[in-house]
Amino acid sequence: MYIPYGRQCLDEEDIEEVVKVLKSDYLTTGPKIREFEEKVEEYVGAKHAVAVCNGTAALHIAALAAGIREGDEVITTPITFAASANCVLYCGGTPVFADVDPETYNIDPAEIEKKITEHTKAIIPVHYTGQPCDMQKIHEIAKKHNLLVIEDAAHALGAAYHGEKIGGLSDMTCFSFHPVKPITTGEGGMVVTNDDELYKRLLLFRSHGITREEEFLTKNEGAWYYEQCLLGYNYRITDIGCALGCSQMKKLDGFIERRKEIAMRYNRAFEDVRGIKTPAQLEDVESGWHLYMIQVLGKDRKEVFDALRKEGIGVNVHYIPVYAHPYYREHGYAGEKCIHAEEFYARAISLPIFPAMTEEQQNYVIEKVKQYIN
Ligand SMILES: *Cc1c(COP(=O)(O)O)cnc(C)c1O
């Protein structure tokens with residue numbers, strides 16, 4: 001038995017929906033793309049959605065649409081997947097790391113303020129583990145300093161902040177549909193926005209910068225005619241993936257319910273275990289529980305980690321602080337040190353959590369964790 005830290009949850013209906021597309025006229029640029037976008041728009045309460053081939057591409061076109069370029073600084077968290085910061089580098093900008101809150105492990109708004117300079121252009125908060133960041137404070141800071149907010153919500157489709165779903169709150173919000181994420185399209189991602197101008201730019205960046213829309217053309221030579229008006233990419237997603245996405249959207253609330261159940265059960269199981277710190281939640285937020293992180297106190301994290309892996313438990317560590325990677329160290333971040341991020345990284349272990357995880361599997365994980373912590 002091997003229990004992964006996360007995995008997709010597919011059923012026969014999902015498979016049938018994909019097969020239907022395989023038998024249809026369009027494998028890509030067909031009707032399923034828009035159908036999937038509409039489903040997510042409606043669910044998160046955003047005006048526009050642009051589906052792309054993965055979450056990293058979503059972050060990239062969001063940063064491009066935001067106009068990030070050389071000389072611009074963008075503030076993000078070090079406790080995230082590298083893509084949250086890489087998207088700034090892709091545009092020639094400079095990621096700036098603000099330390100995390102030691103309780104929620106999300107970016108600390110007070111640390112964001114400290115990092116603002118005249119070059120700061122945007123903030124990329126990451127709803128780490130699925131728990132929304134303190135968006136009220138982040139929006140106050142953004143407003144005060146005239147910054148764009150691009151949420152990295154790769155963990156947080158279905159999560160809610162002050163009663164509102166993540167996705168409709170900021171200038172742009174990016175999702176990922178990788179198999180371990182809240183829902184999957186195989187590979188896939190999406191940017192949602194309420195802004196018409198950003199939406200138009202996102203569409204262009206998704207597909208080579210090419211448009212056929214009459215209003216964007218400088219002239220029109222005929223029905224065949226199109227123009228490339230900026231340097232975009234081919235970041236399109238397939239109809240095959242979007243068919244899966246549409247089907248998965250129906251199950252999202254159930255997935256999150258099940259994830260929450262698992263998280264609450266871990267919380268109860270570890271309540272009285274002195275060597276474990278369980279994850280704290282902000283008030284009035286609903287986490288998507290993408291990850292369940294424990295901190296190992298008073299014991300060597302690596303020893304506990306290795307022992308759990310030997311027992312067939314696919315524990316993981318999310319994440320190595322981004323600035324600590326050799327690429328970042330070699331590109332100006334060698335002296336970087338976010339104290340809370342480092343402390344968290346040194347103690348963190350992610351335990352398995354995914355909708356299809358059985359009670360029996362969870363009991364086994366709990367038993368082994370307690371055994372090696374004590
Ligand atoms: C998964 C993830 C991404 C990237 O998504 P992909 O679909 O794998 O490209 C970006 N940010 C965070 C926080 C993620 O977890």
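Read the numbers this way: they start at 1 and go in the same order the structure lists the ligands and their atoms.
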Hey, is Glu336 close enough to Arg329 for a salt bridge, meaning N to O under 4.0 Å?
no
Only heavy atoms of Gly188, strictly under 4.0 Å: list the atoms of ligand 1 that pass.
7 (O)
Using a strict threshold of under 4.0 Å (side-chain N to carboxylate O), is an ion pair present between Lys143 and Glu140?
no
For Tyr319, is the nearest heavy atom under 4.0 Å from an atom of ligand 1?
yes
Answer yes or no for Cys174: is there a heavy-atom contact with ligand 1 below 4.0 Å?
no
Nearest non-hydrogen protein atom to atom 1 (C) of ligand 1, with distance, is Lys181 NZ, 1.4 Å
For ligand 1, is any non-hydrogen atom under 4.0 Å from Thr80's backbone (N, CA, C, O), its side chain (CB onward), both, or neither?
side chain
Minimum-distance protein heavy atom relative to atom 9 (O) of ligand 1
Thr56 OG1, 2.6 Å
Can you pull out the closest protein heavy atom to atom 5 (O) of ligand 1? Residue, atom name and distance to 0.1 Å, please.
Ser176 OG, 3.3 Å
Does a side-chain N-to-carboxylate-O contact under 4.0 Å join Lys277 and Glu103?
yes
Closer than 4.0 angstrom: is that true for some heavy atom of Ser84 and an atom of ligand 1?
yes
What protein heavy atom sits nearest atom 11 (N) of ligand 1, and how far away is it?
Asp152 OD2, 2.7 Å
Within a 6.0 Å radius of atom CZ on Arg309, are there more than 12 heavy atoms belonging to other residues, nucleotides or ligands?
yes
Could Lys251 and Glu257 be called an ion pair, given the rule that one side-chain N must be under 4.0 Å from one carboxylate O?
no
Are Glu16 and Lys20 within salt-bridge range, i.e. N to O under 4.0 Å?
no
Measure up the His155 and Tyr128 rings against each other and bin them: parallel (under 30°), tilted (30 to 60°), perpendicular (over 60°).
tilted
Using distance alone, determine whether His155 and ligand 1 share an N or O pair under 3.5 Å.
yes
Is the closest N or O pair between Gly55 and ligand 1 shorter than 3.5 Å?
yes
Looking at Glu13 and Lys250, is any side-chain nitrogen of the basic one under 4.0 Å from a carboxylate oxygen of the acidic one?
yes
